[in-house]
There are 2 protein chains.
Amino acid sequence: MATMTLRDIAKALDLSVSTVSKALRDSYEIGEDTKKRVAAYARANHYLPNRMAKSLKEGKSGSIGVVICSIDNSFVSRMLDGIDSTCTQAGYDIIIMQNKESLAQEKACLNQLEARGVEGILISPSAETVNFEHLAALKDTGMPIVLFDRISEQFESYQVGIDNRRGAFQATQHLIANGYRRIALLTLSPDVPFAAQRREGYANALKQHHIPYRPAFVRTVQAHGREALKDSVRAHIRALLDLPEPPEALFAATDQLSTQSLAALHQLGCQIPGDMALIGFSNTELADMLTPPLSTVYQPAFQIGQLAAEKLIELITGKDRSPDYETVRLPIRLDLRDSSRPRFQATV
Amino acid sequence: MATMTLRDIAKALDLSVSTVSKALRDSYEIGEDTKKRVAAYARANHYLPNRMAKSLKEGKSGSIGVVICSIDNSFVSRMLDGIDSTCTQAGYDIIIMQNKESLAQEKACLNQLEARGVEGILISPSAETVNFEHLAALKDTGMPIVLFDRISEQFESYQVGIDNRRGAFQATQHLIANGYRRIALLTLSPDVPFAAQRREGYANALKQHHIPYRPAFVRTVQAHGREALKDSVRAHIRALLDLPEPPEALFAATDQLSTQSLAALHQLGCQIPGDMALIGFSNTELADMLTPPLSTVYQPAFQIGQLAAEKLIELITGKDRSPDYETVRLPIRLDLRDSSRPRFQATV
DNA sequence: CTGTTAGCGCTTTCAG
DNA sequence: CTGAAAGCGCTAACAG
């Protein structure tokens, strides 16, 4: 009773295996009555086709690999939800692997997925991934790949994310519009493509408003682990506050960085936005309820996941006939709240 | 160059397929030099064993199925991280499926996973899952199953979660200790096992302190979708506030319910804890930074995931020889903050 | 309309 | 020490 196979049901019904197979797949070359008998027996005995066998035979696994930095991240899990929703609908299931911001791990994930026979890969590269040779090699193998979230201009492929330059530009410009001129940036290494793009957006906004770019105001967080990152953020913020002329506002260029900045500022007894205004990339639904309500650059996470998955499925099923690669940049939304309220405005 | 098989390498090295297979698995019956040649060629040509074939042959897939309500939930994703960490270490990979709180979906997930040949299943049942026949049937098939998070006393199996009764008891008792007597409960239907347990804990605490149980104070949220849930929470809270004698404190018995309650109370212009104290089940790292800082019943999510996965792997590998089922109930931690600060105490 | 056959890539007896 | 052969469960020609 363990697992029922086509042969079992063929034997029971005194048919051949292939007849049963075809009957189950509703082939035109099988008689109605036979189909019914087979279907009835299968249902009654809870027959489940063995997908490993089917996959092996057909050379298709019906699954899609997804590589992300960490599943324990609200922004990421929102994207995963989007990915899952379109994949499930299309009949694919997904195998999720975490690179934990390590290039070595990322390669291991990719190998696993390839060995598993996934039909395509959705990947948001690790923070250590500064070149894309391993992905290029995989792509040359014929594996459909779509980059999402952490997109890169160095790598030719389909990509879905946001316009990082523009998002960072808008956030910085918003601070400027609200009267801040000494604006710090907390971000990741410029080796990380999306971080470099956000850095540019920040710099461009300053430039456009004739505000000098001060290297001391641009802080690069290298740490990745949960605790290490927390400590690093705190150290950077303390360093900013200790500057002879400290900044009046901070733009945190990452989801994690934003919430950790808020925490660190609290811990250091810093008034927001009185002592330091704050805006960050963040998708937390709790932004409204934070102290103070946190201004955020909101990314359409679910939609990014959906679109990336749709694109990948087009590639897999060969619906995509276009010769060129395409990068979809979804618009961000600026959710302005108290943490970046205009300078010198009376507190409500 | 697409995918290299054992046959390809056998042909290239003028060996037989079985020799190559054995060489790669370092069999004692293969000569050292042959092994080296094979290994070298395999590495040089980026040979990856086809896991579908291996799985089919061995009847083992090397994968574990995980069913959760929704991946887009910080508590869940934390547990998933725990699961993934132990599974990856043990060489299993995981296939995650969402039931979206629907029993029908849950069954579909289970079928999928079974067909995929997973070697065991970790499941946190949907809110609609009030009986466990489908799980029992699957278990009788020989499929190792471990319930996590949403554990049930109706279903005999290995389970890992928290002591819901005790957690709810402690939370309620804390409110009582802080001077609140009119305490409302916002929870899910008692048909949901863990919700029933929390309800009991709440009731027991009241009873032990000779506080009457008022049905009007116990609100059951039926909705599940993101928006529907939000609306439902708001409606319930409004109803509570509109009572002739409204409650002074609220205990929200779920992660989602807690944050939505906070949001709703804000929206309705209610002071916390002045007009209504609040404590909730929640794992958000942002609790400290909410307005006001939110008192929470903190569950060791990562550890729940880890333990459940460890147990499952023991079952799969047959290390578990104990005849009886076991339910591990991890202790919760009460993180007390301002939202449930003592009644009549001066605001800081 | 139904059955026979071959084979997906791999592991595993069983012979050489 | 190496190879030939069978078979995991399924599908897809190709025959009947």
Side-chain angles (χ1 to χ4, degrees), chain A residues 1-39 41-42 45-63 111-112 114-119 141-142, chain B residues 1-39 41-42 45-63 111-112 114-119 141-142:
Chain A
M1 236 252 86
T3 27
M4 145 139 325
T5 73
L6 278 191
R7 200 165 61 201
D8 298 330
I9 128 162
K11 201 168 295 175
L13 265 43
D14 200 42
L15 288 170
S16 79
V17 173
S18 66
T19 302
V20 175
S21 170
K22 285 173 189 156
L24 253 12
R25 335 187 75 242
D26 199 33
S27 162
Y28 65 97
E29 39 180 352
I30 301 291
E32 276 311 318
D33 46 338
T34 313
K35 278 183 189 169
K36 265 176 207 145
R37 283 207 309 149
V38 171
Y41 188 89
N45 295 64
H46 188 61
Y47 165 76
L48 282 176
N50 180 323
R51 289 197 57 178
M52 293 189 283
K54 186 173 146 117
S55 296
L56 176 58
K57 174 65 187 174
E58 297 183 331
K60 309 183 170 221
S61 63
S63 60
N111 278 342
Q112 279 259 10
E114 198 184 350
R116 266 251 176 266
V118 297
E119 295 183 42
T141 271
Chain B
M1 235 252 90
T3 28
M4 145 139 325
T5 73
L6 278 190
R7 199 166 61 199
D8 297 330
I9 130 163
K11 201 168 294 172
L13 266 42
D14 201 40
L15 289 169
S16 80
V17 173
S18 63
T19 302
V20 175
S21 172
K22 287 171 187 158
L24 251 14
R25 333 189 80 244
D26 199 32
S27 162
Y28 65 96
E29 41 179 353
I30 301 292
E32 276 311 317
D33 47 337
T34 313
K35 279 184 189 168
K36 264 175 208 148
R37 283 207 309 148
V38 171
Y41 188 89
N45 295 65
H46 189 61
Y47 167 76
L48 283 175
N50 180 324
R51 288 197 58 178
M52 291 188 283
K54 184 173 149 121
S55 297
L56 175 58
K57 175 66 187 174
E58 297 182 334
K60 309 184 169 216
S61 63
S63 60
N111 279 342
Q112 279 259 9
E114 198 184 351
R116 265 248 176 269
V118 297
E119 295 183 44
T141 271

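Within every chain, numbering begins at 1; the chains are lettered A, B, ... in the order of the sequence lines, protein sequences first and strands thereafter. Quantities reported herein were computed from a predicted structural model and do not represent experimental measurements.
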Value in whole Å for how far the [atom2] atom of [N] lies from [atom1] of [X]:
{"X": "B:Lys35", "N": "D:dT2", "atom1": "NZ", "atom2": "P", "result": "10 Å"}
{"X": "B:Asp8", "N": "C:dC8", "atom1": "CG", "atom2": "P", "result": "11 Å"}
{"X": "B:Lys11", "N": "C:dG9", "atom1": "NZ", "atom2": "P", "result": "11 Å"}
{"X": "A:Leu56", "N": "D:dA12", "atom1": "CG", "atom2": "P", "result": "13 Å"}
{"X": "A:Asp14", "N": "C:dT4", "atom1": "CG", "atom2": "P", "result": "10 Å"}
{"X": "A:Tyr28", "N": "D:dT11", "atom1": "OH", "atom2": "C1'", "result": "14 Å"}
{"X": "A:Lys36", "N": "C:dC1", "atom1": "NZ", "atom2": "P", "result": "13 Å"}

Closest contact, heavy atoms only, B:Leu6 versus B:Ser21: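 Scanning both residues, the minimum pair turns out to be CD1-CB, 3.6 Å.
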For the student: nearest non-hydrogen atoms of B:Arg116 and B:Ser61, plus distance: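 Scanning both residues completely, I find the closest heavy atoms to be O-CB, 4.1 Å.
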N/O (side chain, A:Thr34) to phosphate O (OP1/OP2, C:dT2) under 4.0 Å: yes
Terminal axes of the helix from C:dC1-D:dG16 to C:dG16-D:dC1 (five pairs each): angle between them, nearest 10 degrees: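 It works out to 50° between the end axes.
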Sequence neighbours excluded, which residues qualify as side chain to side chain donor-acceptor pair (under 3.5 Å) partners of [X]?
{"X": "B:Ser55", "result": "none"}
{"X": "A:Thr34", "result": "none"}
{"X": "B:Arg37", "result": "none"}
{"X": "B:Gln112", "result": "A:Arg51"}

Between side-chain atoms of residues 24-31 of chain B and protein atoms elsewhere (two or more places apart, or another chain), which donor-acceptor pairs fall under 3.5 Å?
unit_1  : atom_1 : unit_2  : atom_2 : d
B:Asp26 : OD1    : B:Lys35 : NZ     : 3.0
B:Ser27 : OG     : B:Glu29 : N      : 3.1

Sugar-phosphate only, base, or nothing, as touched by A:Gly31 at under 4.0 Å among non-hydrogen atoms: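 The answer is sugar-phosphate, as A:Gly31 gets under 4.0 Å only of primed atoms, P, OP1 or OP2.
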Closest-nucleotide ordering on DNA chain D, the 5'-leading residue of A:Met52 and B:Leu15: B:Leu15
Salt bridge (Lys or Arg N to Asp or Glu O under 4.0 Å) partners of residues 8-21 of chain A, not counting sequence neighbours, each pair once: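 Listed once each, the pairs would be none.
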Nucleotide-resolved protein contact map, nucleotides 10-16 of chain C, B/S/- at heavy-atom distance under 4.0 Å: BBBBB--
B:Asn45 side chain to B:Tyr47 backbone, donor-acceptor under 3.5 Å: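 Not a single qualifying donor-acceptor pair exists.
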